[in-house]
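In what follows, a structure is listed as structure tokens, so that the remarks can point back to it.
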Number of protein chains: 2
Amino acid sequence: MRPTVHDIAAAAGVSLATVDRVLNQRPGVRHVTREKVETAIRELGYVRDVAAANLAKGRTYPLVFILPASDNSFMHGLNAEIRQAVLRSSAERTDIRTIEVPAFDPAALVSVLEELSREKPCGIALVATDAPDVRAAVDRLVRERFPIVTLVSDLTGSLRHHYAGVDNIAAGRTAARLLGRFLGPRKGEIAVLAGSMLVRDHRERLEGFTAVMAEEFPDLAILPVLEGRDDPEVAHRLVADALGNAGIIGVYSLGAGNRGLIRALKEKAVDRVLTVIAHELTAHTRAALIDNTIDAILNQDAGHEVRSAIRVLKAKADGLAVIEAQERIRLDIFLKDNLP
Amino acid sequence: MRPTVHDIAAAAGVSLATVDRVLNQRPGVRHVTREKVETAIRELGYVRDVAAANLAKGRTYPLVFILPASDNSFMHGLNAEIRQAVLRSSAERTDIRTIEVPAFDPAALVSVLEELSREKPCGIALVATDAPDVRAAVDRLVRERFPIVTLVSDLTGSLRHHYAGVDNIAAGRTAARLLGRFLGPRKGEIAVLAGSMLVRDHRERLEGFTAVMAEEFPDLAILPVLEGRDDPEVAHRLVADALGNAGIIGVYSLGAGNRGLIRALKEKAVDRVLTVIAHELTAHTRAALIDNTIDAILNQDAGHEVRSAIRVLKAKADGLAVIEAQERIRLDIFLKDNLP
DNA sequence: CCAATTTTGATGTACGTAAATCAAAAAATC
DNA sequence: GATTTTTTGATTTACGTACATCAAAATTGG
């Protein structure tokens with residue numbers, strides 16, 4: 001049996017009350033006594049029974065998710081996963097609130113973060129917009145001891161405790177290698193469709209993509225990036241235009257708005273041998289993968305990201321360790337054969 | 001606040017003791033009374049606080065893992081992950097025991113399963129050997145209400161509650177498409193290295209592989225399968241021999257023993273352009289992926305499999321629902337760019 | 001050395017559930 | 001209608017921790 005507070009008290013030769021004072025960092029314990037207790041804790045390998053403690057405290061974990069108000073499949077999926085988590089909240093003792101902020105608007109995000117500092121949630125997950133002000137606001141909250149994880153899009157260089165999302169540079173590199181290998185010895189041009197170069201994850205994907213292309217596939221030339229603003233209509237127009245160029249043999253779509261891309265491909269490229277790699281598995285991209293319009297889909301599992309963020313925030317709130325390997329968000333590569 | 005047993009008692013107009021009798025299916029409750037309580041439970045949406053219940057019961061979950069005594073990297077990894085889980089067992093209230101049985105030996109597995117029926121663990125995870133006797137033994141245990149999950153290798157058609165492993169047919173299909181696409185328009189022969197055709201997961205991978213090859217890549221001819229018994233030495237000899245055939249342009253290694261494969265490739269194929277796809281990420285395959293000896297690695301994450309098996313067994317033991325999406329074991333595809 | 005202060009101990013209640021006991025009430029049997 | 005049997009209620013203890021209170025002891029300051 002694992003040791004309890006009683007065992008600690010006995011081993012340290014102090015009373016239960018003193019052990020409690022040490023464990024919950026209450027005042028009124030002499031330094032030497034505190035050390036006796038801490039030694040006993042270490043020697044017996046005591047670990048607080050979190051379930052019992054939470055029961056006694058009647059503890060819940062008020063968590064806040066801050067999401068951009070973007071109208072694309074991925075964000076809808078993310079929202080749906082958060083709603084699923086809310087359904088489980090009574091069993092998990094969480095109390096989850098979602099705040100939507102205008103997309104690509106650092107100031108709005110910062111003001112929400114500042115409000116939260118007053119509200120005292122026990123953890124914050126945010127889809128970060130990459131700006132110095134945001135970084136500063138996050139760092140401030142971390143210093144005030146709020147557990148913070150970034151979701152989907154990271155805030156490199158900030159003090160956030162954890163990032164629940166994929167490595168976007170690796171994603172871009174992977175897309176490049178897949179495209180390069182699929183195209184084999186062919187020479188030609190590659191069209192790249194992004195949402196916006198203002199978003200860090202898109203920039204990083206592009207960075208990884210161009211790096212591998214330059215290093216390993218010199219026969220493939222990357223055309224100037226098309227910025228579709230994650231909007232199907234815009235994407236459709238841009239891609240349809242671009243396909244006027246007969247030299248294009250491959251397409252990498254690294255953002256959202258794939259509905260437009262797929263429509264353009266079906267209209268303009270039925271008779272051409274194009275290799276297409278896109279991000280995010282949705283009903284549309286899935287269908288396109290199956291009918292060979294798309295050759296591979298890179299995906300991040302929004303459900304995993306949300307569940308991971310919650311686990312990490314709870315653990316940080318309790319000062320517990322997380323299982324690192326479990327919290328790594330993997331880049332899923334889907335061909336038509338391994339669709340879930 | 002979520003309702004407690006007290007609320008149920010009040011709502012149903014009965015005493016706490018009666019609610020307890022209903023909840024824990026103790027005898028001595030009239031049918032009408034039981035229904036009153038059950039109605040109240042439904043109407044208030046009561047769900048038992050598992051943490052509090054476990055605390056009161058002093059419950060632990062005695063779990064058994066049955067593994068084949070195979071000396072390969074994957075099984076070593078699996079064992080290591082189970083040991084990690086054992087380290088967490090006090091926090092997770094589990095009590096995990098591992099039993100090793102001779103590999104590919106249905107009789108041994110069956111006799112272990114029969115012993116367990118007496119020992120009464122609250123859950124069993126096994127790497128199944130695919131044989132009718134094993135199926136029958138598993139079905140018998142399921143009927144005796146033991147939660148059972150298969151691990152890594154499934155037992156199709158049995159009553160096991162869950163399978164914690166990848167879809168091996170999909171894995172084989174994915175390997176075929178990757179190989180086919182990487183090879184592009186080239187014609188030639190493909191060598192396949194397996195462990196043993198007696199193991200279900202290997203058979204399934206081969207099945208998926210040959211199916212896609214036949215459907216979609218008719219220019220690639222699959223050579224007779226080399227059975228390396230997951231042994232590096234045997235694999236080395238077989239592959240080295242096979243590479244005498246100059247028509248080989250691709251290799252699919254669907255089992256273990258990749259150390260031997262890699263050695264053979266480095267000795268015999270330095271000057272050839274071979275495309276190689278292998279299973280299981282180990283130190284060796286990882287290095288080979290980085291130095292371009294291998295082109296892609298398909299992997300199943302043993303840590304995820306173990307943690308998932310434990311979660312599912314605990315949930316089944318408590319009669320709780322599992323988050324299906326969370327328990328799906330994914331086929332990881334690693335190129336040199338997205339290695340963890 | 002006494003008083004003021006700090007530190008420690010002893011004890012009780014609570015969290016939500018499990019499990020047991022014994023008495024009381026209701027139902028079934030003859 | 002009395003007796004047996006079944007069903008129900010009331011109450012208590014326990015799980016491991018948190019938290020509060022009050023008294024007792026130890027330490028500090030003067």
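In what follows, every chain begins at residue 1, and chains take the letters A, B, ... in the order their sequences are listed.
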Could you tell me whether [X] contacts a base, only the sugar-phosphate backbone, or nothing, with contacts defined as non-hydrogen atoms closer than 4.0 Å?
X: Asp20(A); result: base
X: Gly58(A); result: nothing
X: Asn24(A); result: sugar-phosphate

[X] [atom1] - [N] [atom2] separation (whole Å):
X: Asp49(A); N: dG16(D); atom1: CG; atom2: C1'; value: 6 Å
X: Asn54(A); N: dT17(C); atom1: CG; atom2: C1'; value: 16 Å
X: Leu16(A); N: dT13(C); atom1: CG; atom2: P; value: 16 Å
X: His31(B); N: dT7(D); atom1: NE2; atom2: P; value: 12 Å
X: Ile41(B); N: dT17(C); atom1: CD1; atom2: P; value: 10 Å
X: Tyr46(B); N: dG16(C); atom1: OH; atom2: C1'; value: 7 Å
X: Leu23(B); N: dA19(C); atom1: CG; atom2: P; value: 11 Å
X: Ile8(A); N: dA18(D); atom1: CD1; atom2: C1'; value: 16 Å

Nearest to the side chain of [X] - [options]?
X: His6(B); options: dA18(D), dT17(C), dG9(D); result: dT17(C)
X: Val5(A); options: dT17(D), dA18(C), dG16(C); result: dT17(D)
X: Ser15(A); options: dA18(C), dG9(D), dG9(C); result: dG9(C)
X: Thr4(A); options: dG9(D), dA10(C), dT17(D); result: dT17(D)
X: Ala17(A); options: dT17(C), dA18(D), dA10(C); result: dA10(C)
X: Arg48(A); options: dG9(D), dA18(C), dA18(D); result: dA18(D)
X: Arg26(B); options: dA19(C), dA18(D), dC15(C); result: dA19(C)
X: Ala56(A); options: dA14(C), dA18(C), dT21(D); result: dA14(C)

Just N and O in the side chain of Arg30(A): are any of them under 4.0 Å from OP1 or OP2 of dT27(D)? yes
Position toward the 5' end of DNA chain D (nearest nucleotide), Lys57(B) or Pro27(B):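 First, find each residue's nearest nucleotide; the 5'-ward one identifies Pro27(B).
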State whether Arg48(A) and Asp318(A) are salt-bridged, where the test is any N-O pair (Lys NZ or Arg NE/NH1/NH2 against Asp/Glu carboxylate O) under 4.0 Å. no
Decide, yes or no, whether a salt bridge links Arg93(B) with Asp49(A) under the criterion of side-chain N to carboxylate O below 4.0 Å.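 Yes.
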No-H, no-angle donor-acceptor pair, Arg21(B) side chain to dG9(D) base, under 3.5 Å: yes
Ser308(B) side chain vs Glu305(B) backbone, donor-acceptor pair below 3.5 Å: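 Here the side-chain-to-backbone pair does not exist.
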For the backbone of Asp20(A) and the side chain of Asn24(A), can you confirm whether one donor and one acceptor N or O come within less than 3.5 Å of each other? yes
So, do Leu116(B) and Arg97(B) sit near enough that their side-chain heavy atoms are less than 4.5 Å apart? yes
Of the non-hydrogen atoms in Ala317(A) and Arg59(A), which two are nearest, and what is the gap between them?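 Minimum heavy-atom contact is CB-NH2, 3.8 Å.
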